[in-house]
Amino acid sequence: MSLPDWTGAVVEPSAGDDPPSPDEWRAVEVPGRPAEFAGADAVAYRTRFPDPRDGDERATLELRGLFARARIWLNGDLLGEHGAYFRPARYEPDLDAENELVVECRAPDRFGGVYATDRVPDERAVPGIWWGATLETHPETYLDSVSLAPRTTDDGAAIDAEIAVEAGEDLDDRISLSVRPQGFRGGGVMERARVEADAGERALVEKTLELRDPAYWWPAGHGPQHKYAVRAKLGGSERVVETGLSTVRATDGGLVVNGQRVPARGFSLLPTGDPTWDVERAANANANLVRAYGHVPPPAFYEAAADAGVLVWQDLPLAGPGEYDADRATDLAGRLADAVERHPGVAAFGVHADPTDHLSGVGPGRLARYKVRWRAWRASYDPTVDREVAEALPDDAAVYPVSGAPGIDPDAAHLYPGWEYGDAADAAWLAEKYDCDGAVGGFGAGALATPDGADDPDGVADFDAAAHDAHVSGGVDESQAYQARLLKTVTETLRRRGIDLLAADALRDADAGAGMGVLAADGTEKSGYAAVAASLEPVQVVLDAYPRAGQSRELTVLNDTPEAVSGSVSWTAGDRSGGADVSVEAYGRETAGRLRVPDGAEAVELALDRGEAAVTNEYRL
């Protein structure tokens, strides 16, 4: 059951073993992030509840999403401390007839990730119980948890299961285990695992479940999203956990999934609301990748990504300049890897995002390239600790110890031409000059969502006021048109260069009124959403640069699928039109002629007709 009737209060972080006792408690919602506590260093939460057990039943308390560090008291006694908000805090408490639970949550230290930066408003980073607080009852002996680690073998595949059993009495029994395909026809597995334990003991049972002729999970557009349900049963206690099978290998240019090259393109996600909804909107914009920038979303996010066929690039909660405790980071990396290992779509990990800000605020203008080169030449960063931490992450995933701006030799580049410096056309120069043809983990521009966003750009999280004044000060429509043009230019430039892993920054605004998202904070589409969706079509015809009247532009057909394609390209620009037939090999690029934009044209419209399917691409002038 969910624990009801919570109260909360801002408190001084406690130093001893006694729970905080503020002068006044006020009613709050848990789970949640009470806005009235925004900016607090520590917040205490309290609830009271009766003992729900009947007879010999046992109870477990589970607190999920304890951000960012927490101490927990029951009836005045310290139950424990917790320091990884993405892992549940789980206890079997000694209950009285009536009970008082107090949880003190503290603001993050160095490991707050994006929540400790100005990219997220204080209201999203309130210390609190974000994901849930429950009290479950169980029989004397019960299955407490099931952890799964899928892997391939020489004979097919296997799922390594670890089952935690709480023995209320002496136990010598067998756990029934089954593996069943979900939504597709395939072979299942039935196994039994012996468990022996003394009364009061917690037993960990390990069992390998062999799968013959396994069905794999694939990213959208490359195959089906097969998943398996693993059911464990002991007496009347049962647990069901889903998983999927996939292999991921990192290459210099991108990802190989299940032995097949997969160009991965999509968006970075900020913690803006319901992340499962964000996955759906990303997928609707032709994304097959989402990056959880500097934070760890709740478990439902990974389930949604697996169902949608969307790959996940998962960062550690570590962002921005500054040193950090390597041992604690390594521990967090191991905990994070364990927490997500059953999810088949988790393909990439990041350790430290944006460890320097040396290119911030260069600004536009004809001297921008010189300033970028000067600052990049002077920049320095030692990634030794980041690379050491990266060793705790899975060997078979793509791991990017450092992601950041050119000049520090990042493992994944963040490129912001046309926003922080220069203009959008500088994307090709940056990629060439600084060898950014590997992963690109961030690029984009901000845009207003409402007129209110322009009133106080300094007060909007994740929105550079100086860049606003330079690029998007003409109102909502002009602002969004600029963002759309920039995103199309950079996305298509990177794709034409064959960059196989890229994430536009970002999908949704973190704050009301404005932001880096192509969606407003409430989900309303900006002009950039449709523009990026067109640019991310797996097979698309694009121009070599954003067109202007009087210019000549080259057409290129991009094919990021494992099959050759052919069709007819057509274009219209004002009163001119033309076209050509084209064939493109798998993962290939093929030119399809040139066009000249006449004076007075309001748009250039491209189309690729493949018979059974057609795609369009539009450039508003």
Side-chain angles (χ1 to χ4, degrees), residues 1-34 37 40-53 57-112 115 125-138 142 144-145 164 166 168 200-202 296 317 325 327-328 331-332 334-335 338-339:
M1 71 173 186
S2 295
L3 293 174
D5 302 328
W6 288 84
T7 55
V10 174
V11 297
E12 292 293 327
S14 59
D17 291 337
D18 294 329
S21 54
D23 294 334
E24 180 183 1
W25 296 89
R26 63 177 65 182
V28 295
E29 293 292 326
V30 171
R33 311 179 195 207
F37 300 148
D41 290 329
V43 180
Y45 298 86
R46 182 183 69 178
T47 186
R48 292 170 174 151
F49 58 91
D51 185 348
R53 296 173 298 178
E57 284 186 330
R58 301 167 68 176
T60 54
L61 169 68
E62 185 171 273
L63 303 168
R64 299 183 300 279
L66 289 179
F67 185 80
R69 297 168 294 155
R71 306 181 81 197
I72 302 101
W73 291 265
L74 181 68
N75 299 327
D77 295 327
L78 184 65
L79 276 182
E81 301 184 6
H82 196 70
Y85 69 90
F86 51 85
R87 297 297 298 266
R90 192 169 172 87
Y91 305 96
E92 182 174 354
D94 184 12
L95 297 176
D96 295 336
E98 295 293 331
N99 301 273
E100 180 180 83
L101 176 69
V102 176
V103 182
E104 179 195 81
C105 297
R106 300 188 183 186
D109 51 14
R110 185 63 183 92
F111 296 97
Y115 292 108
V126 175
I129 307 169
W130 286 358
W131 301 340
T134 58
L135 189 67
E136 294 181 280
T137 58
H138 311 276
Y142 64 96
D144 188 49
S145 65
E166 294 287 352
E201 183 181 354
R202 179 181 176 87
V296 185
D325 185 325
D327 290 338
R328 186 176 172 203
D331 177 67
L332 284 174
R335 289 172 178 265
D338 290 344

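For reference, positions follow the sequence shown, starting with 1.
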Are any non-hydrogen side-chain atoms of [X] and [Y] less than 4.5 angstrom apart?
X	Y	value
F111	L332	yes
P52	L135	yes
R335	F86	yes
N75	D94	no
D51	E57	no
Y45	T7	no
F37	C105	no
E98	F49	no

**Report entry** Test side chain to side chain contact (heavy atoms under 4.5 Å, CB included) applied to P93 and L101, I72, L74, the passing residue
**Finding:**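 For P93, the side chain to side chain contact (heavy atoms under 4.5 Å, CB included) check succeeds only for L74.
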I'd like to know if [X] pairs up with [Y] as an ion pair, taking the criterion as any Lys NZ or Arg NE/NH1/NH2 lying under 4.0 Å from an Asp or Glu carboxylate oxygen.
X	Y	result
R48	D5	no
R90	E136	yes
E92	R58	yes
R26	E24	no
R71	E81	yes

Report task. Take D338 and R87 through the side chain to side chain contact (heavy atoms under 4.5 Å, CB included) test and state the conclusion after the steps. Result -> CA-CA 10 Å; D338 290 344; R87 297 297 298 266; 3.9 Å; yes
Query raised in the report: Hey, mind stepping through V103 and L66 against side chain to side chain contact (heavy atoms under 4.5 Å, CB included) and telling me if it holds?
Result: CA-CA 9 Å; V103 182; L66 289 179; 3.9 Å; yes
[X] side, atom [atom1]; [Y] side, atom [atom2] - distance, nearest 0.5 Å:
X	Y	atom1	atom2	result
L63	T134	CG	OG1	7.5 Å
D18	L78	CG	CG	9.5 Å
D41	E12	CG	CD	7.5 Å

Query raised in the report: For the residue pair Y85 and F67, does the interplanar ring angle fall in the parallel (under 30°), tilted (30 to 60°) or perpendicular (over 60°) class?
Result: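 Perpendicular.
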Requested in this report: For side chain to side chain contact (heavy atoms under 4.5 Å, CB included), just list the numbers for D144 and T60, CA-CA rounded to whole Å, side-chain angles, deciding distance to a tenth of an Å, and then say yes or no.
Outcome: CA-CA 9 Å; D144 188 49; T60 54; 4.1 Å; yes
Query raised in the report: Should the heavy atoms of other residues, nucleotides or ligands under 6.0 Å from CD of E29 be counted, would the total exceed 12?
Result: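 Result for CD/E29: open.
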Query raised in the report: Counting only heavy atoms not in E201, do more than 12 fall under 6.0 Å of its CD?
Result: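 Atom CD in E201 is crowded, with more than 12 foreign heavy atoms closer than 6.0 Å.
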Can a donor-acceptor pair be found, under 3.5 Å and without considering hydrogens, that links the side chain of [X] to the backbone of [Y]?
X	Y	answer
R69	A84	no
E104	S14	yes
D325	R328	yes

Heavy-atom closest contact ([X] atom, [Y] atom, distance):
X	Y	value
W25	P20	CZ2-O, 4.2 Å
A107	A40	CB-O, 3.9 Å
T47	P4	OG1-O, 2.6 Å

Query raised in the report: Would E166 and S145 satisfy side chain to side chain contact (heavy atoms under 4.5 Å, CB included), going step by step from the backbone distance to the final call?
Result: CA-CA 10 Å; E166 294 287 352; S145 65; over 6 Å; no
Query - Within 45° cone and under 6.0 Å: R33 NZ/CZ vs W130 ring - result: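 Yes - R33 lies over the ring of W130, closer than 6.0 Å to its centre and within 45° of its axis.
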